[in-house]
Asker: 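A single structure is presented below for examination.
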Amino acid sequence: MPELPEVETVVRQLRRSLVGQRVRSIILHTPSTIRCRHFPARRLIGCTIRAVRRRGKFIRLDLAAPSRSPQGTGVTVLVHLRMTGSLRIHAGRPPRERHDHIDLVLDGRPEPACLRFSDIRKFGGWWLLPGDVADAAAPLAALGPEPLEISRDDFRRLLAGHKQRVKTLLLDQRRLAGMGNIYTDEALFAAGIHPEARACDVPAAKVDALWRAMRRILRAAIRHCGSSTSDFVGADGRRGRYQEHHQVYGRADQPCRRCGARLKYLRVAGRGTTFCPRCQALQRGRKKR
DNA sequence: AAGATTACCTGAAGGC
DNA sequence: TGCCTTCAGGTAATCT
């Protein structure tokens, strides 16, 4: 599932091949993939890709309008992969397959290339926004801080300020933008925190351990080009390798790699949740409900 | 009004 | 074999 490390992997690959390229045309096989209605997709034609960035789990393409164009502000394209979306770079334009929804045809060097959005489950989408308002507009405006940028003190304040279960809080993109199910479970295990603990009840030492574990795990996952537990592939079509380092995700009923206890499976915040009942015990007297 | 649950969507996997 | 159910989960919408 594309979470922060997977999106960062795609962004770094796209950046190498897209920056400086001009949009020749856009082909909408599945128009409903475009989530904002009032921006005509044809305004992308002739624009030049200036930057490829990540914000939370969004991929952001900033395009400059052609000179002598009436819309001087340029265009920002946001792409969210949700569960099964992918962005791939292709030489030329291969025949459309079943789950291909958008082709952005580019002036390639030396040959034309295309950026193709595919999504088996059609949860993912594109947002087209005028470049000068992108930061202040939905869906970016509501996002919380980046997990790799939030300070330890701000992270302490974030947890102290909420009674929600800590896992629910970490997954809430308005509080923290980029954590998903895999890295939340891995970080909570590394810090020894029960996923159902209330955020404000986590002892200070464990909050700090969680902050450090989150940063260490996200960085390691980025180095391994993300986790491919089912169908994630980068823009080059290659799978990530971090799934080989998962301690708990996908390992329910198997022995804990730290203490040997059998890993338990729960549903928390509507998500499958795997944790070690011994390494991540709930504090006495602070049980749920 | 926060917190929990469901809808969206498809394919894989398991049960019988 | 084949049909049915369940599961996967990011986020918006809906419910309690």
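Letters A, B, ... are given to chains in the order of the sequence lines, protein chains preceding strands, and every chain is numbered from 1.
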Asker: Distance check needed: B/dA12 P versus A/I120 CD1, whole Å only.
Answerer: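 In whole Å, B/dA12 P and A/I120 CD1 are 7 Å from each other.
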Asker: With a 4.0 Å cut-off on N to O distance, would you call A/R50 and A/D62 a salt bridge?
Answerer: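 Salt bridge: no.
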Asker: Between B/dT10 and A/K122, is there an OP1 or OP2 to side-chain N/O distance shorter than 4.0 Å?
Answerer: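 Yes, because at least one side-chain N or O of A/K122 sits under 4.0 Å from OP1 or OP2 of B/dT10.
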Asker: Without swapping roles, check the side chain of A/K57 against the backbone of A/V7 for a donor-acceptor pair under 3.5 Å.
Answerer: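 No; zero donor-acceptor contacts below 3.5 Å.
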Asker: Who pairs with A/R215 by side-chain contact (heavy atoms from CB on, under 4.5 Å), at least two apart in sequence or on another chain?
Answerer: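 Listed in chain order: A/L148, A/W211, A/R219.
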Asker: According to side-chain contact (heavy atoms from CB on, under 4.5 Å), who are the partners of A/V233, at least two apart in sequence or on a separate chain?
Answerer: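 Applying side-chain contact (heavy atoms from CB on, under 4.5 Å) to A/V233 gives A/R88, A/R239.
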Asker: Collect all protein-nucleotide pairs involving nucleotides 6-13 of chain C in which both atoms are nitrogen or oxygen and the distance is under 3.5 Å.
Answerer:
residue : atom : partner : partner atom : Å
C/dA8   : OP1  : A/Y265  : OH           : 2.5
C/dA8   : OP2  : A/Y265  : OH           : 2.9
C/dA8   : OP2  : A/R267  : NH2          : 2.4
C/dA8   : N1   : A/R121  : NH2          : 3.1
C/dA8   : N3   : A/R121  : NH1          : 3.1
C/dG9   : OP1  : A/N181  : ND2          : 3.2
C/dG9   : OP1  : A/Y249  : OH           : 2.6
C/dG9   : N1   : A/R121  : NH2          : 2.1
C/dG9   : N2   : A/R121  : NE           : 3.0
C/dG9   : N2   : A/R121  : NH1          : 3.1
C/dG9   : N2   : A/R121  : NH2          : 2.2
C/dG9   : N3   : A/R121  : NH2          : 3.4
C/dG10  : OP2  : A/N181  : N            : 3.3
C/dG10  : OP2  : A/R271  : NE           : 3.4
C/dG10  : OP2  : A/R271  : NH2          : 3.3
C/dG10  : N2   : A/R82   : NH1          : 3.0
C/dG10  : N3   : A/R82   : NH1          : 3.4
C/dT11  : OP1  : A/H80   : NE2          : 2.6
C/dT11  : OP2  : A/K57   : NZ           : 3.2
C/dT11  : OP2  : A/Q173  : NE2          : 3.3

Asker: Which whole number of Å gives the distance between the C1' atom of C/dA13 and that of B/dC9?
Answerer: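 Approximately 16 Å lies between the C1' atom of C/dA13 and that of B/dC9.
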Asker: Any base atoms under 4.0 Å from A/R98, or only sugar-phosphate, or nothing? Heavy atoms, all strands.
Answerer: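 Here A/R98 touches the backbone only, sparing every base.
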Asker: Quickly work out the A/H99 NE2 to B/dG11 C1' distance and round it to whole Å.
Answerer: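 Those two atoms, NE2 and C1', are 8 Å apart.
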Asker: Nearest whole angstrom, please: distance from the P of B/dG3 to the CZ of A/R174.
Answerer: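 Going from A/R174 (CZ) to B/dG3 (P), I get 10 Å.
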Asker: Take atom CD of A/Q164 and atom P of B/dT5, then tell me their distance rounded to the nearest Å.
Answerer: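 Value for this atom pair: 14 Å.
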Asker: Please check the phosphate of B/dG3 (OP1 and OP2 only) for any side-chain N or O of A/H162 closer than 4.0 Å.
Answerer: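 For B/dG3, OP1/OP2 do not have a side-chain N/O of A/H162 under 4.0 Å.
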Asker: Give the dot-bracket line for DNA chain C from 5' end to 3' end: parentheses for intra-strand Watson-Crick or G-U pairs under 3.5 Å, square brackets for crossings, | for inter-strand pairing, dots for unpaired.
Answerer: .|||||||.|||||||
Asker: In whole angstrom, what separates A/K163's NZ from B/dA4's P?
Answerer: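 A/K163 atom NZ is separated from B/dA4 atom P by 13 Å.
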Asker: Rounded to whole angstrom, note down the P distance from B/dA1 over to C/dT11.
Answerer: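 So the two P atoms sit 25 Å from each other.
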Asker: Looking only at atom P, what distance separates C/dT5 and B/dA7, rounded to whole Å?
Answerer: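 One P to the other, the span is 16 Å.
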Asker: Parallel, tilted or perpendicular: which one describes the rings of A/W127 and A/F58, with boundaries at 30° and 60°?
Answerer: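 Answer is perpendicular, since the angle exceeds 60°.
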Asker: Could you name each residue pair satisfying side chain to side chain donor-acceptor pair (under 3.5 Å) that touches residues 134-145 of chain A, not counting sequence neighbours?
Answerer: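 Output for this query lists A/R60-A/D135.
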Asker: Between A/H246 and A/F189, is there a side-chain heavy-atom distance shorter than 4.5 Å?
Answerer: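 In short, these two side chains do not touch, never coming nearer than 4.5 Å.
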Asker: I'd like a table of donor-acceptor pairs (distance under 3.5 Å, sequence neighbours excluded) in which one partner is a side-chain atom from residues 112-121 of chain A, with atom names and distances.
Answerer:
residue : atom : partner : partner atom : Å
A/R116  : NE   : A/D103  : OD1          : 2.7
A/R116  : NH1  : A/P94   : O            : 3.4
A/R116  : NH1  : A/P95   : O            : 3.2
A/R116  : NH1  : A/D100  : OD2          : 3.1
A/R116  : NH2  : A/P94   : O            : 2.7
A/R116  : NH2  : A/D103  : OD2          : 3.0
A/S118  : OG   : A/D100  : OD1          : 2.7
A/D119  : OD1  : A/T84   : OG1          : 2.5
A/D119  : OD1  : A/G85   : N            : 3.4
A/D119  : OD1  : A/R121  : N            : 3.3
A/D119  : OD1  : A/K122  : N            : 3.4
A/D119  : OD2  : A/F123  : N            : 3.2
A/D119  : OD2  : A/G124  : N            : 2.7

Asker: Of all the heavy-atom pairs spanning A/P147 and A/L176, show the shortest one and how long it is.
Answerer: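 Nearest heavy atoms, A/P147 then A/L176: CG-CG, 4.0 Å.
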Asker: When you compare B/dG14 with C/dG9, how far apart are their P atoms, in angstrom units rounded to a whole number?
Answerer: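 After rounding to an integer number of Å, I get 16 Å for this pair.
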